[in-house]
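Here's the structure, in structure tokens; my notes come after.
All values reported here derive from a predicted model rather than from experimental measurement. Residue numbers count from 1 along this sequence.
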Amino acid sequence: MEKEKEEPLFEKGEVLYYQGKECRVIAEYDRTVCVEFSGYPFAGEEEEFPHPRVILLKNEVQRSA
């Protein structure tokens with residue numbers, strides 16, 4: 001039996017926020033989304049945000065208002 005593909009929740013390039021930082025969607029997977037931070041690197045926050053692109057759970061990101 002074929003697994004039904006879920007409708008995407010996010011569009012490629014959509015602006016999201018994670019921990020108050022703006023990011024853009026690169027790719028979406030079943031339970032996660034790959035994002036790239038805008039304005040990276042963040043001065044003084046290199047340990048909290050060591051990479052410009054990260055994979056996050058969908059419930060960890062917020063849409064822009």
Side-chain angles (χ1 to χ4, degrees):
M1 186 183 276
E2 261 185 64
K3 183 179 177 184
E4 288 186 36
K5 194 138 177 119
E6 289 184 29
E7 287 291 318
L9 295 176
F10 304 103
E11 292 183 29
K12 189 173 181 179
E14 181 178 349
V15 175
L16 302 175
Y17 290 90
Y18 172 70
Q19 294 185 355
K21 305 291 184 197
E22 183 179 288
C23 50
R24 293 195 181 273
V25 174
I26 296 172
E28 182 177 355
Y29 305 101
D30 290 336
R31 295 178 298 207
T32 59
V33 63
C34 179
V35 300
E36 181 172 47
F37 290 108
S38 303
Y40 186 86
F42 307 119
E45 297 182 279
E46 291 84 1
E47 287 190 26
E48 295 88 355
F49 299 95
H51 305 289
R53 293 181 176 180
V54 294
I55 304 286
L56 303 168
L57 293 172
K58 289 181 180 180
N59 64 358
E60 293 181 310
V61 296
Q62 293 85 38
R63 283 196 153 97
S64 58

Heavy-atom count around R63 CZ within 6.0 Å, excluding the residue itself: above 12?
yes

Just wondering, are more than 12 heavy atoms of other shown residues or ligands nearer than 6.0 Å to NZ in K12?
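No, the 6.0 Å shell around NZ holds no more than 12 heavy atoms from other groups.
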
Under 3.5 Å donor-acceptor, [X] side chain and [Y] backbone:
X	Y	value
R53	V35	no
E46	G44	yes
E28	V33	no

At what distance, to the nearest 0.5 angstrom, does CZ of R24 lie from CD of E11?
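Between R24 CZ and E11 CD, I get 12.0 Å after rounding to 0.5 Å.
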
Can you measure from CD1 (I26) to CZ (F10) and round to the nearest 0.5 angstrom?
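These two atoms lie 14.0 Å from each other.
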
Quick one: does C23's side chain get under 4.5 Å of Y17's, heavy atoms only?
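The answer is no; the side chains never approach within 4.5 Å.
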
Side-chain heavy-atom pair K58, T32 within 4.5 angstrom cut-off
no

Verify same cluster id: V61, L9 (apolar side-chain graph, 4.5 Å):
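Looking at the clustering, L9 is in the same group as V61.
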
Taking V15 as the starting point, is it possible to reach L56 by hopping between hydrophobic residues whose side chains are less than 4.5 Å apart?
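Per the 4.5 Å side-chain linkage, L56 and V15 are not co-clustered.
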
Could you tell me if K21 sits above the aromatic ring of F42, with its cationic atom closer than 6.0 Å to the ring centre and no more than 45 degrees from the axis?
yes

I'd like to know whether the aromatic ring centres of F49 and F37 sit less than 6.0 Å apart in this structure.
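Ring centres of F37 and F49 closer than 6.0 Å.
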
Can V25 and L16 be said to form a side-chain contact (heavy atoms from CB on, under 4.5 Å), step by step?
CA-CA 7 Å; V25 174; L16 302 175; 3.4 Å; yes

